[in-house]
2 protein chains.
Amino acid sequence: MIESEVFRALADPTRRAVLERVAAREMSVGELKSHFAVSQPAISQHLAALKGAGLVAERREGRFAYYRADPKGIAPLLSWVKRYRAFWPERIEKLKDVLKGMDP
Amino acid sequence: MIESEVFRALADPTRRAVLERVAAREMSVGELKSHFAVSQPAISQHLAALKGAGLVAERREGRFAYYRADPKGIAPLLSWVKRYRAFWPERIEKLKDVLKGMDP
DNA sequence: TCAACATATAAGTACACACTTATGCAAAAG
DNA sequence: CTTTTGCATAAGTGTGTACTTATATGTTGA
């Protein structure tokens, strides 16, 4: 299930931090690595997990690999929330308020 | 980190299904169990994980334990998405569209 | 051509997780 | 009181995960 992959990818704090970095701007693995206290293979493995979940995209240029966040990647997460709301008749209003707070 | 706990809780498909059940209406552990092909302890363990993440609340009545979804539980998830957007200057519009689609 | 570089993959390890069966414990039923 | 019921906890097991070091693959520059 793709939903599970997205949630699992986001469950790790390092991986979320990696995603936030490449969401700000495209970045090579090496530059990405410089921001974290883990080995280069660890970064590559996190990127592979994020890519598998559809959260990042890769651009290859010579020996460099540039990664960037893919906006469509969190769609499964948001549509799950949406479906979740469908099962939640009594409390829709409260949740609507939470969502409203997200649209400044 | 509470965000990690929420994402980890939602990463398991059985646990998401349990959450959806108790989101529809309050339910005892026994009734909940009848909808799944796992043992009663497994259900209790899933509920404990969901409760630890703040996604469900418990009401005790005699020897029965009734669980219901807690609407505030997904707030950490949504506020993470919100913060994620802040790191995402170029693609905000696309993401805004996704979020708009959630408010019918 | 070949040494340095950027990244990916392989293999190993320690720990977390999703389940199971067995047992504990309190409340209801008899 | 004793038994049954509803649920939680304990303990064990196989699988997954997040990391490491070591190595492989492809690319650039001397």
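The sequence lines fix the lettering, A, B, ..., with proteins before strands; numbering per chain opens at 1. Keep in mind that this is a model prediction, so the values were computed, not measured.
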How many Å lie between [atom1] on [X] and [atom2] on [N], as a whole number?
X: B:Lys33; N: D:dC7; atom1: NZ; atom2: C1'; answer: 12 Å
X: A:Asp12; N: D:dG16; atom1: CG; atom2: C1'; answer: 13 Å
X: B:Lys51; N: D:dA8; atom1: NZ; atom2: P; answer: 8 Å
X: A:Tyr66; N: D:dT27; atom1: OH; atom2: C1'; answer: 13 Å
X: B:Leu47; N: C:dC17; atom1: CG; atom2: P; answer: 17 Å
X: B:Leu50; N: C:dA18; atom1: CG; atom2: P; answer: 11 Å
X: B:Phe64; N: D:dT5; atom1: CZ; atom2: P; answer: 11 Å
X: A:Glu58; N: D:dG26; atom1: CD; atom2: P; answer: 15 Å

Between [N] and [X], counting only base atoms on the nucleotide and side-chain atoms on the residue, is there a donor-acceptor pair under 3.5 Å?
X: A:Glu61; N: D:dT27; value: no
X: B:Gln40; N: D:dA8; value: yes
X: B:Arg63; N: D:dT5; value: yes

Checklist entry - So B:Phe7 and A:Phe7, would you call those rings parallel, tilted or perpendicular, with 30° and 60° as cut-offs? => result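 Ring orientation of B:Phe7 relative to A:Phe7: tilted.
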
Next on the checklist: Using 0.5 Å steps for rounding, measure from the OH atom of B:Tyr67 to the CZ atom of B:Arg60.
Outcome noted: 6.0 Å

Next on the checklist: Go through it in stages, so that I can follow the logic: the residues are A:Lys33 and A:Glu31, the test is salt bridge (Lys or Arg N to Asp or Glu O under 4.0 Å), and I'd like the CA-CA distance, side-chain angles, deciding distance and then a yes or no.
Outcome noted: CA-CA 5 Å; A:Lys33 176 198 168 331; A:Glu31 182 180 359; over 6 Å; no

Any side-chain N or O of [X] under 4.0 Å from OP1/OP2 of [N]?
X: B:Arg8; N: C:dC17; answer: yes
X: A:Arg60; N: C:dA8; answer: yes
X: A:Ser44; N: C:dA6; answer: no
X: B:Ser28; N: D:dC7; answer: yes
X: B:Tyr67; N: D:dA8; answer: yes

Item to check | Of B:Val29 and A:Ser39, the one whose closest DNA chain D nucleotide lies more 5' | outcome: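 Mapping each residue to its closest nucleotide by heavy atoms, the 5'-most match is B:Val29.
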
Checklist entry - Taking the nucleotide of DNA chain D with the closest heavy atom to each, which residue, A:Gly62 or A:Gln45, is nearer the 5' end? => result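 The 5'-side residue here is A:Gln45.
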
Checklist entry - For B:Glu31, which contact category applies under a 4.0 Å heavy-atom criterion: base, sugar-phosphate, or nothing? => result nothing

Checklist entry - Counting any heavy atom closer than 4.0 Å, what does A:Ala65 reach on the DNA or RNA strands: base, sugar-phosphate only, or nothing? => result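 If one applies the 4.0 Å heavy-atom cut-off, A:Ala65 turns out to touch the sugar-phosphate alone, with no base involved.
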
Item to check | A:Arg8 backbone acceptor or donor facing A:Arg15 side chain under 3.5 Å | outcome: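 Such a contact is found between A:Arg15 side chain and A:Arg8 backbone.
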
Checklist entry - Between B:Leu19 and B:Leu10, does a side-chain contact (heavy atoms from CB on, under 4.5 Å) hold up when you go through it step by step? => result CA-CA 9 Å; B:Leu19 178 58; B:Leu10 296 176; 3.7 Å; yes

